[in-house]
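Please read the structure below before turning to the comments.
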Amino acid sequence: MKKTKINFTARKGVALFAVLFVILYAIIYIVPKVTDIFTQTYTAEYGILEVKEEARCVFVRNENVYKASAGGKVERKAESGALVRKGTDIAAIGSDTVTNAQRGIVSYCYDGYESKITPDGISNLKSTFISEYRDAKASVKDAASGSVQSGDVIFKIIDENWYLVYWTDEEESSGISQGSTVQVQPDENTEIQMTVESITKQGKEVQIVLSCNRTYKDFDRYRIKDCVIVASRNSGIILETDSISEKDGVKGVYVVDKFGNENFTPVNILSSQDGKTVVEKNFFYDSKGNRVESVSSYDEILKAGK
């Protein structure tokens, strides 16, 4: 009988511990998340906002392909990616030296579209080219090396000025303008500055053409590649877009002071994306040149505006 009582008491202790554990877990993990739903303000923070999109891009270049005029052993005399003058020795087949007819960048790869996709034909290039290229099972290949046959591609010379073309919708294209500068990231470790050459409506799509006169490693190894296009990169106070309202024709947010007063504070918007907006920090100058006090780091911002 005594043993049974001890076991019953132990079970009560375990049950009590379990209940306390559940209560403690709820206090630590659940309650903060639930109460956050009812939070009416947030703290303004300084940061960087990038307006960007992922796009499937087509590389368009002026490319002159050089082929072997006879069979034999080919020797490469210039490095891939080198910028060479007209008349430079690029390759030799036996005792015959092959020189380039124009200044440009040496490339030892090709895909057969060098004469089909050119800067002169950019305005006629449609997004359907991407699927057509894939359906044709086309790809960039290495030029012939070692022993070659007559007609084999041995190298090509690329003009320094080259282009990226991609297609987007009107909403996404509204963030850039002709003549502006964007940053293109063809991979995680590379970023190159390009100029918006043209913005052209093509049916329901908008064709964007970017131009550049600088190269990066392996840029000649792609005809089509997924890239990240960074239209803008601005630093300032990051706000929730929904908290921005308008009062007397002026955009701003309501800042809650230490007394609980909600004060309308003008802001100067730099850019917006995905529900976030970056504005100038502390102050800005309006169209008349007047200094306007604005939001600062750690300001308490009313979420919904008014």
Point to revise | Full working for side-chain contact (heavy atoms from CB on, under 4.5 Å) between Glu79 and Val106 | key: CA-CA 7 Å; Glu79 290 187 11; Val106 178; over 6 Å; no

Review point. Taking it one step at a time, do Glu53 and Thr168 satisfy side chain to side chain donor-acceptor pair (under 3.5 Å)?
Key: CA-CA 9 Å; Glu53 67 171 314; Thr168 186; 3.1 Å; yes

Exercise for review: Step by step, work out the side-chain contact (heavy atoms from CB on, under 4.5 Å) result for Ile157 and Val84.
Suggested key: CA-CA 9 Å; Ile157 298 294; Val84 295; 4.2 Å; yes

Check your understanding: For Ile301 and Thr41, what are the C-alpha separation, side-chain angles and deciding distance, and is it a side-chain contact (heavy atoms from CB on, under 4.5 Å)?
Key -> CA-CA 5 Å; Ile301 309 297; Thr41 64; 6.0 Å; no

Exercise for review: Starting from the C-alpha separation in whole Å, work towards a yes-or-no answer on side-chain contact (heavy atoms from CB on, under 4.5 Å) for Ile229 and Cys57.
Suggested key: CA-CA 10 Å; Ile229 315 297; Cys57 301; 4.2 Å; yes

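Each of Val153 and Val148 belongs to its own hydrophobic cluster when Ile, Leu, Val, Met, Phe, Trp and Tyr are linked at side-chain heavy-atom distances under 4.5 angstrom. Under a hydrophobic-cluster definition in which Ile, Leu, Val, Met, Phe, Trp and Tyr are linked whenever side-chain heavy atoms come within less than 4.5 Å, directly or via other members, Val228 and Tyr222 are assigned to different clusters. Under the 4.5 Å side-chain heavy-atom criterion for Ile, Leu, Val, Met, Phe, Trp and Tyr, Val184 and Ile158 are members of the same hydrophobic cluster. Using a 4.5 Å cut-off between side-chain heavy atoms of Ile, Leu, Val, Met, Phe, Trp and Tyr, with links allowed through other members, Leu83 and Phe219 fall into the same hydrophobic cluster. Note on Val182: it clusters hydrophobically with Ile199, by side-chain heavy-atom contacts below 4.5 Å among ILVMFWY residues.
At distances below 3.5 Å, not a single donor-acceptor pair connects side-chain atoms of Lys77 with backbone N or O atoms of Glu75. Side chain of Glu132 to backbone of Ile130: no donor-acceptor contact under 3.5 angstrom is found. No donor-acceptor pair under 3.5 Å is formed between the side chain of Asp152 and the backbone N or O of Ala143. Looking only at distances, no side-chain donor or acceptor of Asp248 sits under 3.5 Å from a matching main-chain atom of Val250. Formation of a donor-acceptor pair under 3.5 Å by the Thr118 side chain with backbone atoms of Ser115 is not found in this model. Proximity of a side-chain donor or acceptor of Thr265 to a complementary backbone N or O of Ser294 within less than 3.5 Å is not detected.
Applying the ring-ring contact (aromatic ring centres under 6.0 Å, His included) rule to Tyr166 yields no partners; only residues at least two apart in sequence or on another chain are considered.
Ser232 OG to Lys52 NZ: the interatomic distance, rounded to the nearest 0.5 Å, is 11.0 Å. For the atom pair CD1 of Ile105 and NZ of Lys156, the computed distance is 11.0 Å after rounding to the nearest 0.5 Å. Taken from CG in Asn62 to CD in Gln102, the straight-line distance is 9.0 Å, to the nearest 0.5 Å. Remark: Thr99 OG1 to Ile90 CD1 distance equals 8.0 Å, nearest 0.5 Å. For the atom pair CD of Gln178 and OG1 of Thr195, the computed distance is 11.0 Å after rounding to the nearest 0.5 Å. Within the model, atoms CD1 of Ile48 and OG of Ser235 stand 6.0 Å from one another, a figure rounded to the nearest 0.5 Å.
In this structure, Lys201 pairs ionically with Glu170, as a charged nitrogen and a carboxylate oxygen lie closer than 4.0 Å. Looking at Arg223 and Asp111, a side-chain N of the basic residue comes within less than 4.0 Å of a carboxylate O on the acidic one, giving a salt bridge. Between Glu191 and Arg233 a salt bridge is recorded (basic side-chain N to carboxylate O distance below 4.0 Å). Looking at Arg103 and Glu160, a side-chain N of the basic residue comes within less than 4.0 Å of a carboxylate O on the acidic one, giving a salt bridge. With respect to Arg221 and Asp142, a salt bridge is recorded, a charged nitrogen being found less than 4.0 Å from a carboxylate O.
The shortest heavy-atom contact between Glu197 and Ser211 is OE1-OG, 2.8 Å. Counting all heavy atoms, side chain and backbone alike, Ser245 lies closest to Tyr254 at OG-CE1, 3.6 Å. Heavy-atom minimum distance, Ser80 versus Asp220: OG-OD2, 4.2 Å. Minimum heavy-atom separation, Asp299 to Ser296: OD2-N, 2.8 Å. Taking both residues in full, the closest heavy atoms of Ser177 and Ser180 are given as O-OG, 2.6 Å, listed atom of the first, atom of the second, then distance. Residues Leu239 and Ala44 share a closest heavy-atom pair of CD2-CB, 4.3 Å.
Annotation: cation-pi pair Arg76/Tyr108 present, NZ/CZ under 6.0 Å from the ring centroid and within 45° of its normal.
Looking only at atom types and distance, the side chain of Thr181 has no donor-acceptor partner in the side chain of Gln193 under 3.5 Å away. Side chain to side chain, Thr241 and Thr277 meet the donor-acceptor criterion of an N or O pair below 3.5 Å.
Looking only at side-chain heavy atoms (C-beta outward), Lys141 and Tyr110 come within less than 4.5 Å of each other. The shortest side-chain heavy-atom distance between Ser297 and Ile237 falls under the 4.5 Å cut-off. Under the 4.5 Å side-chain criterion, counting only non-hydrogen atoms from C-beta, Leu49 is not in contact with Asn234.
Around the CG atom of Asn261, the shell of radius 6.0 Å holds more than 12 heavy atoms that belong to other residues, nucleotides or ligands. Within 6.0 Å of NZ in Lys126 there are more than 12 heavy atoms belonging to other residues, nucleotides or ligands. Summarising the local packing, NZ of Lys225 is surrounded by more than 12 heavy atoms from other residues, nucleotides or ligands at distances under 6.0 Å. Within a 6.0 Å radius of CD in Glu54, other residues, nucleotides and ligands contribute 12 heavy atoms or fewer. The environment of Glu293 atom CD is dense: over 12 non-hydrogen atoms of other residues, nucleotides or ligands sit within 6.0 angstrom. For NZ of Lys73, the number of neighbouring non-hydrogen atoms (other residues, nucleotides, ligands) closer than 6.0 Å is 12 at most. Residue-environment remark: CD (Gln202) exceeds the threshold of 12 foreign heavy atoms within 6.0 Å.
Among Thr190, Val230, Ile192, the single residue meeting the side-chain contact (heavy atoms from CB on, under 4.5 Å) criterion with Gln185 is Val230. Considering Lys251, Glu280, Lys281 as possible partners of Asn268, the one that fulfils the side-chain hydrogen bond (donor to acceptor under 3.5 Å, both in side chains) test is Glu280.
Taking the six-membered ring where the residue is Trp, Phe59 and Trp162 present parallel rings, their angle staying beneath 30° rather than reaching 60°. A tilted orientation is assigned to the rings of Tyr133 and Phe129, their planes being inclined by 30° to 60°.
Under the ring pair (Phe, Tyr, Trp, His ring centres under 6.0 Å) criterion, the residue pairs touching residues 62-82 are Tyr66-Phe155, with sequence neighbours excluded.
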